[in-house]
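One structure is given here, and the rest of the page talks about it.
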Protein chains: 2
Amino acid sequence: MEAEQASNEKRIITMKDFLSHISLDCVVFGFHSNQLKVLVLQMKTTSTWALPGGFVYEDESMEVAASRVLKERTGLNEIFLHQFHVFSDPQRSKQNPAVPDMILAGVTFPEKSWFEKRFISVGFYALVEFSQVNPQPDELSDACEWINLENIGILMLDHNEILQKALETLRMQLTFQPIGYNLLPEKFTLSELRKLYETILGKELDRRNFQRKILAYDILTRLEEVRQGVAHKAPALYKFNLVNYKRALDEGLQGRW
Amino acid sequence: MEAEQASNEKRIITMKDFLSHISLDCVVFGFHSNQLKVLVLQMKTTSTWALPGGFVYEDESMEVAASRVLKERTGLNEIFLHQFHVFSDPQRSKQNPAVPDMILAGVTFPEKSWFEKRFISVGFYALVEFSQVNPQPDELSDACEWINLENIGILMLDHNEILQKALETLRMQLTFQPIGYNLLPEKFTLSELRKLYETILGKELDRRNFQRKILAYDILTRLEEVRQGVAHKAPALYKFNLVNYKRALDEGLQGRW
DNA sequence: ATTCTTTGTGTCACTGCGACACAATGATAA
DNA sequence: TTATCATTGTGTCGCAGTGACACAAAGAAT
């Protein structure tokens, strides 16, 4: 169906075309200035902060819906998405705080019955290149912006739990899959990659051991170039070897069993 | 609400109390005779084999619903469950093949509209002690029984994909979490535990190296007893140290980063 | 009594680990 | 111009863990 473009004018959105009782919430991770950042929205009526999310059209898969929703929030066409958990506590959305915002935005409810009742949410995390994102609020929110992970305050509903679960999933995942592609620019330094790992793991890594280990994964290609305009010894630039990187995602890293 | 007991007589089941568009499918793993087994149902009308599953009441979480469904199929009260993926291809249930069986079983459809349309399925895998399971078919099926994982044939809808994804999830999980509790009896031998790992990984492990590694996890307690009635040297019996086992599940095994 | 199979314990050479050193490089300050 | 500082690339060290495998014990079968 036609893309719903962000617009200043009120537009009619009907819930009828969405699957009832199902929503999705996205934890969008970016990386900038050696900080892991999360994209959040500020709701119009309540001013609370929330993770981006939305609903699923009747002819969409969850992944397609999440891609569509995030294209609208970030402007990006291809986003690395990964489902990580279904949040289904019946208490989590007894009274949907977004309803006033939706009414304000002109949403009509052909059948209020399902939307004002509970719904489950499929949690996705997305990894995006910070510099390529053009944050766009939706009809329900005043702002869409990046917040440093360590500065996240109180979010709407169970969004703090959703964010925490996403982070735990990312952390656990580093034990068997690499990370970095989709988050870092095409060319990056080992120092930048290491700081990405450090912000996810929440601890400092020895730069020499990190280098030996990550090079042992055989997923990086060292470029002839070095980073320009830096204050000290210029570090080498690297890029991901996508064939090996994707294989490492599919098959997991070697080891353990 | 009242438990829906299996019964020979037709009973009225109404879809009205379930969340629309949402189902769950369970891959129930058991382990017996050194084989990983999966619990499957045989549908009445079509005679196809399917994974157990069901729907979610309006006041249940996904986990509670899955526990309820599996209590009915296995007779077990406490089952280790883990969500692993949401299956949401719009094509996956355009025409629900279970509808004829449901009609045969006396199910009425207050609002056919959602059930004959598509729905997403939350995939769970369950780990159960084979010997404690009392397989029970539901109203839609003739049989509920174990099949060796390596003998699984064609399953209904996308259930082969669901099963494959569950197995991949289990395999990947062995790189950062242990397995065995819930699947093995309270007392077991290292040989039995190793064969469990081998059937999940699909490859043979050296029994000496396996022993050294698994003991290094510090999740096992060696008992004073040995297995009786065996043909050769009696192996020592072990049990899981639940404190350490659960910590290993929560925090992951040491290593990598 | 011998053979077979399984188990418990252990060894070996090798690899990877955590902790860290040293030299190179470029900017900054004296 | 020289010295200092901070960062990076490469490497070492002692130790721990690995894959491959040996040997002895134990009990059943022949």
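Residue numbering restarts at 1 for every chain, and letters A, B, ... go by the order of the sequence lines.
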(message) With ring pair (Phe, Tyr, Trp, His ring centres under 6.0 Å) as the test, pick out the partner of A:Tyr245 among A:Tyr217, A:Phe240, A:Phe80, A:Tyr238.
(response) A:Phe240
Does [X] have a side-chain nitrogen or oxygen under 4.0 Å from the phosphate oxygens OP1 or OP2 of [N]?
X: B:Ser191; N: C:dT7; result: yes
X: B:Arg222; N: C:dT9; result: yes
X: B:Lys213; N: D:dG19; result: yes

Nucleotide of [options] approaching [X] most closely (side-chain heavy atoms):
X: A:Arg208; options: D:dG11, D:dC21, D:dA28; value: D:dG11
X: B:Pro235; options: D:dG9, C:dT9, C:dT7; value: C:dT7
X: A:Lys233; options: C:dA24, C:dT7, C:dT9; value: C:dA24
X: B:Arg207; options: C:dG10, C:dC17, C:dT7; value: C:dT7
X: B:Arg212; options: D:dT10, C:dT11, D:dT8; value: C:dT11

Length of the [atom1]-[atom2] vector between [X] and [N], whole Å:
X: A:Glu204; N: D:dT7; atom1: CD; atom2: P; value: 11 Å
X: B:Leu223; N: C:dT7; atom1: CG; atom2: C1'; value: 16 Å
X: A:Asp206; N: D:dT7; atom1: CG; atom2: C1'; value: 14 Å
X: B:His232; N: D:dA29; atom1: NE2; atom2: C1'; value: 9 Å
X: B:Gln254; N: C:dC17; atom1: CD; atom2: C1'; value: 13 Å
X: A:Gln211; N: C:dC22; atom1: CD; atom2: C1'; value: 15 Å
X: B:Arg194; N: C:dG8; atom1: CZ; atom2: P; value: 10 Å
X: A:Asn209; N: D:dT10; atom1: CG; atom2: P; value: 15 Å

(request) Determine whether the aromatic ring centres of B:Phe124 and B:Phe84 lie less than 6.0 Å apart. (result) no
(request) Quickly, which of B:Gln83, B:His85, B:Lys165, B:Gln173 forms a side-chain contact (heavy atoms from CB on, under 4.5 Å) with B:Tyr125? Name it, please. (result) B:Gln173
(request) Salt-bridge test for B:Glu198 and B:Arg194: reply yes if a basic N is under 4.0 Å from a carboxylate O, no otherwise. (result) yes
